Amino acid sequence: MTLLLIVLLPLIGSLVPLASARFKRTTIAWLVAILPAIALGVAAYHTTSVFAGNIPTVSLPWVPSLSLDLAFRLDGLSLLFVYLVLGIGLLIILYARYYLSENDSIVRFYGFLMLFMTAMLGIVTSDNLLLLWFFWELTSLSSFLLIGYWSGLSSARKGARMALTVTGAGGLCLLAGILLIGNVVGSFDLTTVLESRDLIQSSPYYMAILLLVLLGAFTKSAQFPFQFWLPHAMAAPTPVSAYLHSATMVKAGVFLLARFYPVLSGTDEWFYIVTLVGLTTLLYGAFFALIKQDLKGVLAFSTISHLGLITLLFGFNTELAAVAAVFHIINHATFKASLFMAAGIVDHECGTRDIRKLNGLWRYMPYTTVLAAVASASMAGVPLLNGFLSKEMFLAQSLDAQMLGGLSWIIPALATLGSILSVAYSLRFIHDVFFNGEPKDLPKTPHEPPRYMRLPIEVLILICVLVGILPAILIEPILTAATAAVVPGEPPQIHLSLWHGFNLPLMMSGIALMGGLMVYIARDHIYRFHRQFKTLNARDSFENMVQKLVKVCQWSIDRFENGSLQRYMFWLLLTAVGFAASGLFQVPRLAGDKVVQPVDSVLIIGGVILCLAAIGTIMTHRKRLISLLFLSVVGMLVSLTFARFSAPDLALTQLAVEVVTIILLMLALFFLPQKTPKESTGGRVLRDLLLAGTFGGVIASLNYAVITRPVDSISRFFIENSVPGGGGHNIVNVILVDFRGFDTLGEITVLGIAGVAIYKLLNRLRLFMPSSDLEGRPWSPERFPVILYSVSQTLLPLALLVSAFIFLRGHNLPGGGFIAGLVAAVAIILIYMARGVEWSQRRLSFNYQPIAVTGVAIAALTGLGSWIFNAPFLTSSFGHFEIPVIGDIELATALLFDLGVYLTVIGATLMILANLGKVTTSHRPTKEKQ
Amino acid sequence: MIPATRLIPTPFLTLLLVAVWLMLQNSLSPGNIIMAVILGIALPRLTYRFWDRQPDVQRPWLLIRYILRLIGDIIVANYEVSKLVLSPWHKPKPYFVVYPLSMTDHFAITVLTSTISLTPGTISAHFRLHEGTVLIHALDLEDEEALINEIYERYEKPLKEIFGC
Amino acid sequence: MLERAVEISAVLFMIAIALNFYRLILGPSLPDRIAAVDTMYVNAIGAIVLYGMWLKTTLYFEAALLIAMLGFISTVAVCKYLLRGDIIE
Amino acid sequence: MMDHLLVMPIILPLFAGLAILWKRDASARFKRLVSLSAMALLVAVGVALITMASDDTIRYYALGDWQPPFGIVMVLDRLSALMVLLTSVLALFAGLYACAGQDEEGSNFHGLFQLQLMGINGAFMTGDLFNLFVFFEVLLIASYALLMHGGGKARTQSGLHYVALNLAGSSLFLIALGVLYGTLGTLNMADMAQKVATLDTSSAGLTMAAGLLLLTVFALKSAMLPLYFWLPRAYAAAPAAVAALFAIMTKVGIYAILRVFSLIFGNQAGALADMASPWIWWGGLATLALAAVGCLSARDMRTLVSYLVLVSVGTLLAAASLPGQQSLSALLYYMPQTTLVTGGLFLLADLIDDQRGKAGARIVKSRPLRQPALLGTLFFIGMAGIAGLPPFSGAIGKAMILQATPEGARVWLWSILLVAGLCAIVAASRAGSTFFWRSSEGEASGPLAGPARGIATAALIGAAPLLALLAGPITQFTDATAEQLDHPARYIDAILNPDPENQAMPMSNSEETP
Amino acid sequence: MEALYATVTGVLTACGIYLTLRGRTFPVVVGLTLLSYAVNLFLFSMGGLASKSTTIVDSSFPYADPLPQALVLTAIVIGFAMTAFVVILAMRTRGDLGSDSVDGQRTDEPREERK
Amino acid sequence: MDWRFALELLVSAFLIFGGVFAVVGAMGMVRFKDFYMRLHGPTKSTTLGVGCILLASMSYYWLRTDTLSMQEMLITLFLFITTPVSAHLLTMSGLHHKLPCDDATRGRPYELKESGGATKESTASKR
Ligand code: NA
Ligand code: NA
């Protein structure tokens, strides 16, 4: 379980700076360092066991159905990386304390740094591939935050975004690869996967897996052609660069190569892809490292180059090459971290990183010069330093690569070329900065940095030197352990020593050193050669590309979603008609088995008028009032149709609703343009007609097909139970208030909400009001015709009486709360029309909203009442009571429910109509005397 | 607005409502009668605020006679119109007549204009409130004066008696 | 005989409605069209009552009653619109 | 009273809404109090329902004591319980956010909010197709009103589109319902499922037409291409609390698709089994692809989040069309987290808008934020969560969906889903670096996110880590839910041949049952 | 008769659809109303066309299927609520956007008083 | 002749008359030359036509069930109250729209005259 601590402690550590924000910076640094230090101790604690060949693991279930476990392992490779990540991490913590200025939030920095450290540790210790991916993406995220730390700088923001995009994309590929592996192996358990080499390599997915995993690795470790993000990540503070580009971020990519080496390597595909990419990257990085004028840029490209080297080594498919790769991982981490820190000091003390300005610094900071020189020498592969050892191994392995057949000599040749360039840029780093004359207009006068800022570099340089001199003692055990995890089967015998005798690799090293010196001397020719080409700034072109992509996306989205309801509606209807038609095509014969009923002349006339009225509505739709008149004819005839086919309730309802709708539309018409301009093009009209016609045809066919087919329906139950179960003779009404009372409750809720919603819509509504009608005629001065209001006041009590009548009989005969409510509401609206809002409002002392709400509440409470009798919501009861004189009367809870409906309808309808009227009255443009 | 001082502010209306209720129910059972009375009293009280003060029917019998006469006239009116509609050779002679009112009560005027519209060949076209006249459109009329006299004698005078105004 | 009379009368009413509809199409003025629709409503009352007689049921009287009431109100609304624009002012 | 629990998700918000609406000019305090306590209670109800449903019994509540298939039933299975709980949690925090002042920008906010919840919960609970229509209408009309809350041109414009399309959609729903009733003779979904299986060939095509029309309607609700065009503008224009609640609205459509097409047209439907899957599959993929493009095109954060909603819709639809329980389970895990997090992001967009002055939520340079650390953290977590980046729930959900993809479908879903994720990352990093890093000179002077708004936003976005942490038990639940959904016969059996013990309320008219 | 009925439903639907596709709020509203009439007719007929039938118990006629009638009733009411809302929304659109175009595009309209 | 048969005959006559009146009213509406004349058809014939039907219906149920159905009376009442008002409002609208009347019309009111002869009212209507 202690293994968990290695990841957990830094994770907790990411909260430490937040918690200790109020302390001094040095204190914060120390506090932050504590937890990773303990984690390092935990790793040390396991070291002997790991060296003995054990692999400590721990596994906690997390998402079993995804086979995602919190599983960690500490094999040799993991251990090596844990040391690198934590060790260099601790040095960075110290270094950053001095590097960051007072204006930079150290809390934020340490928080992000620790988060990043956690992610790195997670990657290297995960024993579950999905978990590994989790941490993998977490490094992308946290590095985004770190690179963008100086968020005020445009370069930092762009660099961070680019890094996130590239590595994030790679991470997604890795996920796909991992999922494929899991699919092939049947497990995400790393131990199992590592044992499934044959299974994976023989699976048809091998190529896909290989490509996806390599994409993940290459993007992360900045391999060609994904190298471009790395130099721009230099916008980060130098401690970040030192950490990300020596021991961590980019090393995650090569770690992945090492991790999957046992299962993916050994094939030709692996060799060609990895070698080619590695070699290209090696040379590309080396060349540009020579050219860059930015101190950190040089280091960035050298990092790319060295990562290419490591990749190349992994590509060789030999065990010793893998050993060399792992070894170079360590060496590169140490010297590159120290070089970055040295560059940071220079930057920090001089205020610039421009190599053209930086000259002769050794006079100002001799101690730093020495440290940087040693690190550079290691990078160049100078003997007695660790870089020499792995470089030598690399050259030796390049000679062994035979896969290219007759062209195999190319690899050692290019490897030597890479080494030459490496020497050249290392020389340049030292000579151009610390020697080579006097500094040119530096912003600051440089001097040695604070003592503790140098300490981390000293530690690393010490390691470089010691490893370089005493490799067998210092590095062999861990290298052996790490290699054991990388190379399948028996680990190769590693013999690290400074002197292997005179051999070809040594000669190549010599050529590299000499060649490097010569190239450096002749560097001006190279610069001149390079200046012929237009330099491309990867960041800007990436940014431009993204901008262009965004523009293209915006353009296409604007094209697609052009804000046109007409288009959206068209798509909706087209989809619907297409779907319905596709179903209809499956119907063998449209006509069903039912006997068709005869048709009579009344029906024909009615049907023809109905169709003509509908067509009239669309023919006249630009003259809106006429269109409305046709619509009202349609409504009336639909109502007659309901009546004709034995649905008196429906006829009544349709009629009432139709009239209210017409009133509503008339109200609206006043505020809308009274005419529709002719806008649609002929093509549009034709298209719409075609769609409408097809739709109509499909609906008609569906309708015909269904009504000519017999069906066995549940309706019999309602017919049989209406009286005994629901206590009403009007089956439709009993369905509404009892069998399906819940629907009705929902329905009146809709009505109530509509009322409230409309009230809401009318709030602060600004309206256009025509002062004349369509022909420019002023409105009639007579606001309220006498005859009209005399009659309407007579009609009101009569209508209310009818309303009461319709309400009370609804349960047994056509009628019911809804129709009754509409009748009452319409009668009141008539008063409003006849006498105006002001007059009517004075006489109506109540608000409509509470009426509607009360209505719904009554219905709902009626339903709730059944709980008292331990019956489900809305259970009805009824009874017949014998009352003297009056006789038998029936009382049913359904009637109470219907009362709720009644009140809701009145309240909601009046809320809609009367409120609408009210809103407009005060705004009438011209008022005239009555 | 009619003040609701009395239990039954408008007895005639109450009577009308009771009758209508019973007609609607089509039954004279005790329950229905009780309900009719309840509604007949409740509804006017509920709606009195929407009423202008208006004349009560002073002489109900005259009203009944008026209604019967009206029904007769409607039938005649239809006969007249039918003749005009169906005979292609007869060209109607339309006439706009201004009828001077001698009543001022809006309700009574409404009844009168309705009557005019329902009866032979005439439609009340416009009630000119400020002039105290009704514009009448006659479908086929020779003599303006005759029409005015007829309307006064047949309808307006009885109405004045009925409503006592 | 009665059934026959009901049917004939129904056809006549449908013809009347068709003629009203013809006037609605013809116009020419808005009041003409409104009058046509109003008349259709009144004729619909007749049609529905006849339908009830045809079925020998009284279930459709309420519908007739409502047409009488509501048809009137929608005519009022449209006329008010012609006269004043704003129907509830 | 445990029995009545099944109807509580509907009548609790109903009564709360009525109480609030009864007095339009009641004090804001009163309305907030009623609204929040009702929603807290609703969360409790949701938890209780989930606990009940966890025993794998499918219960029903026969309204009015009319037994199925005749009466309307509310059905509690794992899926409906999950949806109700999800809704109530989302609503609680969206409502809490509104209580910081947004509720007073127009009238009747809380009442409508409650009724909206009633509609949503009703849609989740009902076992009757027509009743589903009714609840759709309840939730729609409430959403229309809420969308317009506070007014403004953008809301009016997008609202009109939303309303008009949904009105047409309702008509289509009714047509589909009609045909289903006309061919199957019933409205109860379990009964329909039973009858579909025995449908003769001459009517199967009609039922298929109806089923596909239903799919159109649900696709409109769930915002599937080409029916989603209304969504980005509408959601972007809606008041934050409403937009947050709307995060569940598309899921209502997805729920309906799951329910109807697993039950009625599920694997036991004979000739019509799984007929909609190819449509849902391609529709989902197309939605996903276009939504990804939309993410990149977003000019402001609200629109961005709207497209992120669409990304999740596309993902869910594609997953819904895949065969097998594994994908269902993945979908059911993915749905809650994406709902809560997108909801939270809408709230966050509002907070950012508030503090950035004129620039609002547009992705342009502006004055610095007042609380960059808080908002930035939330932004980071929320966006990472929704883009499917670890260690948040989105990553788990996405991985589950990818893993559940069968071989033939992989090329499509994997590539589109992963690219969509990348687009989301790019878009989010653009937006985030602009909001939090690229500020002009000037004082941070916007209003602070007070405790209510802060807590609400943090709670919803906090779902990303929380649901990742709890992924084990949750996926256990969703696995079982998927299993339940994959066996429609159990549902049918539970409704039509009830074991008396499994009924929420005892039958009193038992002689009426078939 | 069935064919006639289905034709009428189809024509009403087609007309409703056509208007729904127009570019101004008013025709769209009218179209939606027309469409809902058509849909109500459609839904109503799903229990079969019943002549000389009834839904009242104790009548001498055979029963018509009462369930679609109840459904249509609910649909009518809901449709009414929705229509009312969309009508007011159309006014709101005009008020807020100055045009009754469904897409909010400003078009030249005769100036009218606005307050 | 049995009284029932006589009544049946009467009812049948009423029915036919009603139908004929309705058609006549509608024809009037189609045939007459100006709006004001056309309005006479519906106000009279149609109303009476429907009235006949209602009367027939009353007798019909009396014939069938021996109960006098009074609801038809109510419909008639409503109809007779509302039709004149509709007609009145319609003519008002016609006058407001200055719908032309037939050339043979006498006593043309000032509402229909061109605005040249401005009267008290027409100035009032100018706003
Ligand atoms: Na008004
Ligand atoms: Na007004």
Side-chain angles (χ1 to χ4, degrees), chain A residues 62-63 65-66 134 137-138 141 151 157 161 164-165 168-169 172 176 179 550 553-554 557 561 565 568 571-572 575-576 579-580 583-584 586-588 702 705-706 711-714 717 738-743 746 749-750 753-754 756-757 760-761 849-850 853 856-857 860 871-875, chain D residues 7 14 18 21-22 24 62-66 69-70 72 106-108 115 131 134 137-138 141-142 145 161 164-165 168 172 179 182 185-186 202 205-206 208-209 212-213 216 226-227 229-230 293-294 296-297 389-391 396 400 402-403 414 418 422 425-426 429 433 437 471-472 475 479 505:
Chain A
W62 183 8
V63 193
S65 63
L66 187 61
F134 263 53
E137 291 289 48
L138 196 57
L141 282 176
S151 56
R157 293 193 300 265
R161 283 207 300 263
L164 178 66
T165 308
L172 294 174
L179 287 171
V550 167
C553 289
Q554 284 175 346
I557 287 290
E561 299 158 30
L565 177 64
Y568 305 169
W571 277 108
L572 172 64
T575 312
F579 274 165
L584 266 179
Q586 312 289 317
V587 179
L702 263 181
V706 174
V711 64
D712 185 25
S713 125
I714 53 170
F717 175 87
D738 196 343
F739 295 120
R740 300 186 64 89
F742 205 49
D743 276 348
T749 310
V750 169
I753 299 174
V756 175
K760 209 172 161 62
L761 266 190
Q849 182 164 323
V853 171
V856 182
F873 189 69
L874 279 177
T875 306
Chain D
V7 81
L14 171 63
L18 293 175
L21 287 175
W22 199 74
R24 188 186 291 149
L63 285 144
D65 209 11
W66 299 107
F70 310 111
I72 296 170
S107 61
N108 290 326
L115 295 176
N131 196 238
V134 172
E137 299 302 304
V138 173
I141 185 98
H161 293 189
L165 287 170
L172 298 175
V179 176
T186 186
S202 90
L206 298 175
M208 180 177 164
L212 288 175
L213 276 177
T216 316
L227 312 179
F229 300 130
W230 55 272
V293 174
L296 286 177
S297 79
L389 286 181
I396 296 177
M400 283 175 77
L402 292 173
Q403 204 191 349
W414 283 27
L418 291 176
L422 185 65
I425 293 172
V426 172
S429 66
S433 61
W437 289 351
T475 50
D479 281 346
M505 286 297 296

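Computed from a prediction, not measured in an experiment: that's the story for all the values here. Letters go in sequence order (proteins before strands), and every chain restarts at 1.
Ranked by heavy-atom pairs under 4.5 Å with chain D, the list A/Glu137, A/Gln554, A/Gln586 is led by A/Gln554. Taking D/Leu296, D/Leu213, D/Leu165, D/Thr186 one by one and counting their heavy-atom pairs under 4.5 Å with chain A, the maximum is reached by D/Leu165. Each of D/Leu418, D/Leu63, D/Leu422 has some count of heavy-atom pairs under 4.5 Å with chain A, and the biggest count is that of D/Leu63. For the options A/Val853, A/Val756, A/Val711, A/Asp743, heavy-atom pairs under 4.5 Å to chain D are most numerous at A/Asp743. Looking only at heavy-atom pairs under 4.5 Å with chain D, the residue among A/Ala857, A/Ala576, A/Gly746 that has the most is A/Ala576. Among D/Gly106, D/Ser429, D/Pro390, D/Ala471, the residue with the largest count of heavy-atom pairs under 4.5 Å with chain A is D/Pro390. Between chain D and the residues A/Leu172, A/Leu702, A/Leu138, A/Leu164, the largest count of heavy-atom pairs under 4.5 Å involves A/Leu172. Ranked by heavy-atom pairs shorter than 4.5 Å toward chain A, the options D/Pro391, D/Ser202, D/Gly472 are led by D/Ser202.
For A/Ile557, the part lying under 4.5 angstrom from a heavy atom of chain D is the side chain only. Only the side chain of D/Leu227 has a heavy atom closer than 4.5 Å to any heavy atom of chain A. Contact annotation for D/Leu14: only side-chain heavy atoms (C-beta onward) come within less than 4.5 Å of a heavy atom of chain A. At a 4.5 Å heavy-atom cutoff, the contact between D/Val138 and chain A is made by backbone and side-chain atoms alike. Of the atoms belonging to A/Asp712, it is backbone heavy atoms, and not side-chain ones, that fall under 4.5 Å from chain D. In this structure, chain D has heavy atoms under 4.5 Å from both the backbone and the side chain of A/Thr165. Proximity to chain A is limited to the side chain of D/Trp414, based on heavy atoms less than 4.5 angstrom apart. Heavy atoms of D/Asp479 lying under 4.5 Å from chain A belong exclusively to its side chain.
If you check the side chains of D/Ser433 and A/Arg161, you find a donor sitting under 3.5 Å from an acceptor.
Nearest heavy-atom pair, A/Leu565 versus D/Ala164, reported as atom, atom and distance to 0.1 Å: CD2-CB, 3.7 Å. Residues D/Ala62 and A/Pro872 approach most closely at O-CB, 3.2 Å, considering heavy atoms. Nearest heavy-atom pair, D/Met400 versus A/Ser65, reported as atom, atom and distance to 0.1 Å: CE-OG, 3.8 Å. In this structure, D/Phe70 and A/Arg740 approach most closely via the heavy-atom pair O-NH1, 4.4 Å.
The distance from atom CH2 of D/Trp66 to atom CG of A/Asp738, rounded to the nearest 0.5 Å, is 5.5 Å. The line from CG of D/Leu21 to CD1 of A/Ile753 is 8.5 Å long, rounded to the nearest 0.5 Å. Rounding to the nearest 0.5 angstrom, the gap separating the CG atom in A/Leu874 from the CD1 atom in D/Ile72 is 8.5 Å. Taking OG1 from A/Thr575 and CG from D/Leu212, the interatomic distance works out to 11.5 Å, rounded to the nearest 0.5 Å. Rounded to the nearest 0.5 angstrom, A/Phe134 CZ and D/Leu389 CG are separated by 10.0 Å.
With D/Gln403 contributing its side chain and A/Leu179 its backbone, the two residues share no donor-acceptor pair below 3.5 Å.
The closest side-chain heavy-atom distance from A/Cys553 to D/Val293 is below 4.5 Å. Taking 4.5 Å as the limit, some side-chain heavy atom of D/Leu172 sits within range of a side-chain heavy atom of A/Leu572. Inter-residue side-chain proximity for A/Leu66 and D/Thr475 is flagged as unmet; no heavy-atom pair is nearer than 4.5 Å. Using a 4.5 Å cut-off on side-chain heavy atoms (C-beta onward), D/Leu206 and A/Leu584 make contact.
Between A/Tyr568 and D/His161, the angle of the ring planes goes over 60°, which puts this pair in the perpendicular group of the 30/60° scheme.
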